[in-house]
Amino acid sequence: MTSSFLQPRGPGEDRETHTFRGGGRSRAAGSVNLERQAEGSEGAGTVLSYNPHINLTLTQQRQRLPIFKYRSQIMYLTEKYRTVVIIGETGSGKTTQIPQYLHEANWTGNGYVVGITQPRRVAATTVSPSLPTYLPLLVCLSVCVCRQVASRVADERGAMLGREVGYSIRFDSCCDPKQTRIKFLTDGMLVREMMKDPLLKDYSVMILDEAHERTLHTDIIVGLLRKIMKKRDDLRLIVSSATLDAELFKNFFETNPTRDSSRDTAVILTVEGRVFSVQPRYVKRPVANYVTSTVETVLALHREERNGDVLAFLTGQEEVDTAVAHLGEHASRSNKGMQLMAVPLYGGLPYGDQLKVFQRAPPNTRKVVVATNIAETSVTLPGIVFVVDCGFVKLRTFSLTTYLESLMVVPVSQSSAVQRAGRAGRVRTGKVFRLYTEDSYEKLEQTTVPEMQRSNLAPVILQLKALGVDNVLRFHFLSPPPADSMLHALELLYALGALDDDCQLTQPLGHNMAEFPLPPMFARMLLTSDTFGCSDEAVTITAMLQVHHVFNQTSRQKASAVSLFSISHYFRVNQFNKDPRWCQQHFLNYKGLCHAVSIREQLIKLLKRFKIPLTSCEGDPEPVQRCIVSGFFPNAARLHYTGSYRTVRGDHTLLIHPSSILHSERSPPWVVFNEVIQTSKQYMRDVTVIKPGWLYELAPHFYEYGTERELAEAKRRRTDAS
DNA sequence: GAGCACTGC
């Protein structure tokens, strides 16, 4: 049995109707129905359920998707316009169907490919409560959203994954350059492809899925596509977006200079989905403490509402743990009526604990998942009927005074609030309890500030340069970042040797740095590591520092580069990556360590490509420290007599993070650091002891002279202070 | 002596 009833069609053929074979069982019949998996949240959401229409063929299933009735319209608009912005509600099936419609309409003729980008590699995992308990485990191990959606589409086409339908993500690519016609890939992967093929000449149509999430990579792609489409008038673009951003995308790609709308080149189409309504409830007056208020709200709705699981949003791990603990106390105290089961969910949670949120609550028990923003896009929970939204989120911000990134708790945007509420409307009509007034909801920002406007731009600028954008200051950004932020990034890249006096990418250093999937300072450190005779150590430390959750228990967070190095060593040498128990015993995150090992292997391959030999300094710390300085000299700080630190450039006050092993020791006079996190104070993380002489030796251009702007700024600060 | 939202190459 194949799905050969869906033959590719030429442009002249009838595209409105399908024929299908009745009778016999299709491939999917009688097994778990993966259809909703593909349609739920456009592939980002996975809802597994038993096939209710056991005798439906795959074609019939496809035709039942909400998107199906827009098929001819989408095909018409794609031919008439160059850009189609599709406002697609959750559950419309657009991720899996639109590429197939295009394929069937022969957009993949002459060897062309239809590409579909996703902002995430990991599928949003969710399971139907009706599944047996062992199934969630299987589902949660599913590899990635691209693979998942691609294999669904391959199934629907009766094709083998990796032939006609393929996918490409970091560490895992499954496509055939000659045969693949529909290709799912992460947005970051497409940026990499653009470095090799700046005009994307293999593609006839590019679909940007979930573009409203406005990741750095999506925004880079969007700006570049605008350039590409000037040179390639045959290329079509389909942007899948939320309602609020649709106009922004349309106007960005519109090339019609006249007011005559019949000459428009971009258009918006709204596609309805399958969602239930969610009624909002607001508080009468602002709450004093949203954590305790969350607990109270959950308890109140537990008393008053009929059954249905609850999802509560808080901003961070600590808040989540506090709320779960409080809910647990109440649950154990009240024994009459329905029981309460509170489970935490955040990114740093060990894998086994993360799976608990998918377990069904025992009979007569209500499940309450207290989660960070991970539940807003990355993890979709089944059976949620009530949402409690604290109204805040922890967001990355980039300071224009210190030029440091930090995490800050800020009010959510309306689109974020709507997204959170939507989590209650997947099974039946739901309710959202917003811990802010209706008035303050109206005053929230409509959309979240895109990452491009709140990030350190050095990695972005480096990539744009490598992608052939000569004048980044004049690059057409969908949302232009602050000019100051761009200038800072240019200066930093210049200091790292990636750019020359004419602001061009240096050869080979700048070009090679851009090839590394790393922040520029790490890339520079690796590319010079051989001269210190410690590229082996440098590559391991770099890989370990890319992984966020190496340690499971916060109390065990005593770590330095050196101990990270030995953990990595033991993990690899002793083949412990086959044994998660070793990690558990040592409070280490198994998944995180496996990831670090993959990154390490990838980096070693790149070093090989640039003919940098793997050398080791055999335990001598100084070469490693000097090597770190060669990349991280811009992040140098010296001990101030007050006991805190001051950055060498900018004179900003910083402290060593209490989790660092250096914190308990006598404060070293000079250090460099990887990053800063701001909580009650600004803390340096991943700190290395250095000698000041190394700064002048390894980065004389940076420390002998400041830029005029910086000198003026420092002078201004001194005068302000006095 | 405090405690890092989430992705991605």
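Per chain, numbering begins at 1; letters A, B, ... match sequence-line order. Keep in mind that what you see is a predicted model, and the values were worked out from it rather than measured.
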Asks: Between Lys681(A) and Gln463(A), who's closer to the 5' end of DNA chain B by nearest nucleotide?
Replies: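 Its nearest nucleotide lies further toward 5', so the answer is Lys681(A).
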
Asks: Can you check whether Thr186(A) has a side-chain N or O nearer than 4.0 Å to OP1 or OP2 of dC9(B)?
Replies: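 So the side chain of Thr186(A) is within the cut-off, an N or O lying under 4.0 Å from OP1 or OP2 of dC9(B).
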
Asks: For the pair made of NZ in Lys605(A) and P in dC9(B), what is the distance, rounded to whole Å?
Replies: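 For the pair Lys605(A) NZ and dC9(B) P, the rounded distance is 14 Å.
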
Asks: Between Thr372(A) and dC6(B), does any side-chain N or O lie under 4.0 Å from OP1 or OP2?
Replies: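 Yes, Thr372(A) has a side-chain N/O under 4.0 Å of OP1/OP2 on dC6(B).
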
Asks: Which nucleotide wins on minimum distance to the side chain of Pro517(A), given the candidates dC9(B), dC6(B), dA5(B)?
Replies: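 When the side chain of Pro517(A) is considered, dC9(B) is the closest of dC9(B), dC6(B), dA5(B).
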
Asks: Counting heavy atoms from C-beta on, name the nucleotide in dA2(B), dT7(B), dC9(B) closest to the side chain of Tyr683(A).
Replies: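 Of all the options, the side chain of Tyr683(A) is nearest to dA2(B).
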
Asks: Using whole Å, report how far CG of Leu345(A) lies from P of dA5(B).
Replies: 12 Å

Asks: So what does Leu407(A) hit on the nucleic acid, given a heavy-atom distance under 4.0 Å: a base, only sugar-phosphate, or nothing?
Replies: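 The residue Leu407(A) makes base contact.
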
Asks: With respect to the side chain of Arg170(A), which nucleotide from dT7(B), dC9(B), dA5(B) is positioned closest?
Replies: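 Ranking dT7(B), dC9(B), dA5(B) by closest atom to the Arg170(A) side chain puts dC9(B) first.
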
Asks: With a 6.0 Å cut-off (strictly less than), is the heavy-atom count around CD of Gln446(A), excluding the residue itself, greater than 12?
Replies: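 No - once you tally the heavy atoms of other residues, nucleotides and ligands closer than 6.0 Å, there are 12 at most.
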
Asks: Here's one to test your reading of the geometry: is the NZ or CZ of Arg434(A) within 45 degrees of the ring axis of Tyr441(A) and under 6.0 Å from its centre?
Replies: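 So Arg434(A) does make the cation-pi contact.
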
Asks: Do we get Arg454(A) above Phe398(A)'s six-membered ring, with its NZ or CZ under 6.0 Å from the centre and within 45° of the axis?
Replies: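 Here Arg454(A) fails the 6.0 Å and 45° test against Phe398(A).
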
Asks: Could you tell me whether the side chain of His511(A) and the main chain of Thr506(A) form a donor-acceptor pair under 3.5 Å?
Replies: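 Yes: the side chain of His511(A) pairs with the backbone of Thr506(A).
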
Asks: For Arg685(A) and dG1(B), what is the distance between atoms CZ and P respectively, to the nearest whole Å?
Replies: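 That distance rounds to 20 Å.
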
Asks: Would you mind telling me which of dA5(B), dC9(B), dC6(B) lies closest to the side-chain atoms of His217(A)?
Replies: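 It is dC9(B).
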
Asks: Without decimals, in angstroms, what is the distance between Lys394(A) NZ and dT7(B) C1'?
Replies: 17 Å

Asks: Between P on dT7(B) and NE2 on His212(A), what's the gap in Å once rounded to a whole number?
Replies: 16 Å

Asks: So which one's nearest nucleotide on DNA chain B is more toward 5', Gln602(A) or Asn373(A)?
Replies: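 Its nearest nucleotide being more 5', the pick is Asn373(A).
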
